[in-house]
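I'd like to ask some things about the structure below.
Per chain, numbering begins at 1; letters A, B, ... match sequence-line order.
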Amino acid sequence: MSAPARILPERYDPAPVESKWQGVWEGAGAFAAAPLASDGASEPLPERPKAYVLEMLPYPSGDIHMGHVKNYTMGDVVAHQRRRSGAAVFHPMGYDSFGLPAENAAIRTGEPPATVTARNIASIREQMKSLGFAIAWNTEISTSDPEYYRWTQWLFLRFFERGLAERREAAVNWCPKDQTVLANEQVIDGHCERCGTPVELRQLTQWFLRITDYAQALLDDMSELVDWPERVLTMQRNWIGRSEGARVVFRLDDGSQEIPVFTTRPDTLFGATFFILAPEHPLLGHLVEGRPEEAAVREYAAAAARASAADRGDADRPKTGVFTGRHVVNPVNGEQIPVWVADYVLMDYGTGAIMAVPAHDARDFAFAQAHGLPVRRVIAGEGDDAGTPLEEAYTGPGTMVSSGFLDGLRSGEAIGAAAAWLSENGLGEATVGYRLRDWLISRQRYWGAPIPIVHCPEHGPVAVPDDQLPVLLPEVDDYAPKGRSPLASAEDFVRTTCPVCGGPAERETDTMDTFVDSSWYFLRYTAPHLTTAPFDRETADYWLPVDQYIGGVEHAVLHLLYARFFTKVLHDAGLLSAREPFARLFTQGMIYRDGAKMSKSKGNVVAPDEIVSRYGADTLRLYVLFMGPAADDMEWSDRGVEGQRRFIDRLWRLVGGLEPGAPVARPERDATDDPVALELVQKAEATIAKVTEDISERFSFHTAISAVQELVNLGTKCVSEGTAESPAAREALRYASQTAVSLLFPFAPHVTSELWEALGGEDLWRAPWPVADPAFLERESVTVVVQVNGKLRERMDVPVGTADAQMLALARALPKVAGEIEGRAVVREVVVPGRLVNLVVK
RNA sequence: GCGGGUGUGGCGAAACCGGUAUACGCGCUAGGUUUAGGUCCUAGUGGGGCAACCCGUGGAGGUUCGAGUCCUCUCACCCGCACCA
């Protein structure tokens, strides 16, 4: 007796299968994106629904890591499912290739950053291809490519024209290790986000993008971001930090100056007993000039300037300060109150000056205690009166006391009343403050896009004309930062002429924060090779906004905020219809090992390459999604990887055991009376519905995979038990196997393509996504639970649609139930059709 | 301190609308096939009990015929923010 013909080798060997299918897809241009805008004719816009599926672009260090694998696999699954469901899918890839790692490598080895970067990109691209990601490689971009950063510069100039890019002096965050300034968002707890070094504050002239102009719009348009994680929205909301209050103008004792303050508590104005200026306040010198307090005040301000950002921001530090010898006049009562300088008042929030109300502000209270300043209660809480002593600041609501025209009002009403009074008397008005600071984008580093500005002694900062872009990075001998940009040492680069007057001038030598590059890359993908503009409005309008964006939560107030800002500015500049770049956002959890983030220094890295060569790309893709909910942090398990490989092997054996032949159609429900066939097809249809919903609506990949596993397990069981012997059952088994292969394709595209081919199918990547036949989803009979007093007693199978009365009669007749209720009064009967019967007895 | 989140078998987890708690996978136990071992197949696997049964979703209350799910309080852990006037 000869062995039956096999449609597949006995054992699955991933390597040849993977390279075969990667070659097929590439040859067919299976995942190329269209339409794209390009020079000359743009491609026509399709009528089909579109799906722009995007994962945050990687920084090209040489090696892809597990976080990337998870990130891109998720996007891949979504993209495949949408494509096979008929959507025009856009799933591009690029590299955030400017930045410090390549530059630091260059400093160590002398190799130019461009060379290091090119090599790393080639390496990471190969690794991504080996995982079989369905990327539109025809759109690939690198932010360090002159053809890309040319347009980054072009966009900067649009900001400059609109007054949204400006150079000004400010106390800025300086990282002494990286030798460059940092944006506020890049300082975590007073430390450099990149290297962890404590950040210093320095008074420097730098380029800022005026993101604060968009603070309100960034808040308001969050209503469009319904599918963003609440956590990210909350972080952005906190970061923007809107607070309503009032501007109140105080006047210096000699009447020479007005000093406005911002307060959220204008109701407490009568409780202001002193006044504080930030050490950097520009009027401070004027106030103390030639006075006995001058030396002490200047010394205090100088010490504050030397303090690290972390120290300045530490709320637990004792409240220090120095009296200036001067007073200001409280506009509501004409009272003179002393002016102090203290470093808990920050120059870059509000006006850099505050009225201090120790009775109703914890910080002011601490300061008053430390320096023996008076405390005056102006709000009486429940059971208090004007004379009730204060052990600590009272920040709650109450009735206004000792407050002139506000007396007797509730504190909540007094806020508005005080603001109205200020406004009527020209002494202030209601206003809104934001915690958000302008985005500091200049960097004193080499490997970034040069800021396209020329400094003319006559005309100041002047835009480089558009037709002279890109301003190319000069070649330099030494990439090391020395407190100024390495570009400054390239004399031929620096020396230039003023675009306005033609006179001698110098180029700006700072480069842009790499977050500028990544604030618009999702637009460039739609026109990757366009030479006349950064993108084409019509094509960009077709694809934008990104339908599904996927990335790490660490960018909540960095990239995600900046990209939103850019999109709004481009909208206002008439370049784009979209106001928001990313309609839906999914933030994935991190992969840990041994309880810690994978890192080279900890030696706990699992290299994706090694897993691919050992188990295959499909196994890895399945595992990173099967681990658990995609949004949660997960612990890596080598055993878990093996489990997914076993699953693939099980599917391989199931399909391999089928007879050669063509794909079969789904049987008709009316023609399916074989019980095994019916069970198989019902399971297949239920799996289709579950997997489709899990991918497209729930982002629940692990349950989608487990559903396919159940289907495969059922098929395997039918084979091992020999129950699928009738022609109808054999056909149903084939149909169920086909369905499992088809549904698993987005997760494990290589092996399923091979199995699909063995089953006589072709081009699984574009085979229509299965749609469940509802006729099989409706059951004829259901298992109903019978409870007595809410406790499970029995189960029974009843036909669907059985009447409540009938269900009750059946339930009561069950021997176990009958025994339970015998001799007891049934006081209530609960029937949930198709689910349960509950008899309540006494 | 404020804000957000998470607690379910030995482990990762499922239960989406208040209705069979623990699907799927890992691990473990036993048996079988092959056998040098692994692979593979079958059965079992929340706890207690000989059993009928009882108990079980961090803890304590509550609502309900019925609670992992809703409400109140509480504990633990994780994340974000934190002198922002």
### Query
Within the structure shown, what part of the strands sits under 4.0 Å from A:Glu697 by heavy-atom distance: base, sugar-phosphate, or nothing?
nothing
### Task
Flag the pair A:Trp636 / A:Tyr623 as yes when their ring centroid distance falls below 6.0 Å, and as no otherwise.
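So the answer is yes for these two rings.
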### Task
Please work out if A:Lys690 contacts a base, only the sugar-phosphate, or nothing of the nucleic acid, heavy-atom cut-off 4.0 Å.
base
### Query
Which dot-bracket string fits RNA chain B when only Watson-Crick or G-U wobble pairs with both atom distances under 3.5 Å count, crossing pairs get [ ], and | stands for a partner on a different strand?
(((((((..(((......[....)))((((((.......))))))(((....)))..(((((..]....))))))))))))....
### Query
5'-most contact on RNA chain B: A:Glu642 or A:Asn789, nearest heavy atom basis?
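It is A:Glu642 whose nearest nucleotide is closer to the 5' end.
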### Task
Using a heavy-atom cut-off of under 4.0 Å over every strand shown, decide if A:Arg793 touches base, sugar-phosphate, or nothing.
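It contacts sugar-phosphate atoms only.
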#### Entry: Sugar-phosphate, base or nothing in reach of A:Thr264, heavy atoms under 4.0 Å
sugar-phosphate
#### Entry: Short side-chain N/O contact from A:Arg435 to OP1 or OP2 of B:rC81, under 4.0 Å
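Negative; the distance criterion is not met.
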#### Entry: Proximal nucleotide (of B:rG80, B:rA85, B:rA13) relative to the A:Tyr349 side chain
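In terms of side-chain proximity for A:Tyr349, the closest of B:rG80, B:rA85, B:rA13 is B:rA85.
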### Query
Between atom CZ in A:Arg835 and atom P in B:rG19, what is the gap in whole Å?
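Those two atoms, CZ and P, are 7 Å apart.
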### Message
Need to verify one output field. Residue with the more 5' nearest nucleotide on RNA chain B, A:Met634 or A:Lys791?
### Response
A:Met634
### Message
In whole Å, I'd like the distance from the CG atom of A:Leu792 to the P atom of B:rC53.
### Response
11 Å
### Query
Does A:Asp343 come within less than 4.0 Å of A:Arg317, counting only side-chain N to carboxylate O?
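Looking at A:Asp343 and A:Arg317, the cut-off is met.
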### Query
What is the ring orientation for A:His371 with A:Phe367, classed by angle as parallel under 30°, tilted 30 to 60°, or perpendicular over 60°?
tilted
### C1' atoms of B:rC79 and B:rG18, separation to the nearest Å
30 Å
### Message
Other residues, nucleotides and ligands only: do more than 12 of their heavy atoms fall within 6.0 Å of CZ on A:Arg824?
### Response
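Yes, the 6.0 Å shell around CZ holds more than 12 heavy atoms from other groups.
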### Query
Mind checking whether A:Trp439 and A:Phe208 have ring centres under 6.0 Å apart?
no
### Query
Contact class for A:Glu829 vs. all strands (heavy atom < 4.0 Å): base, sugar-phosphate, or nothing?
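A:Glu829: no heavy atom of the nucleic acid under 4.0 Å.
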### Query
Less than 4.0 Å between a side-chain N and a carboxylate O, is that true for A:Glu642 and A:Arg614?
no
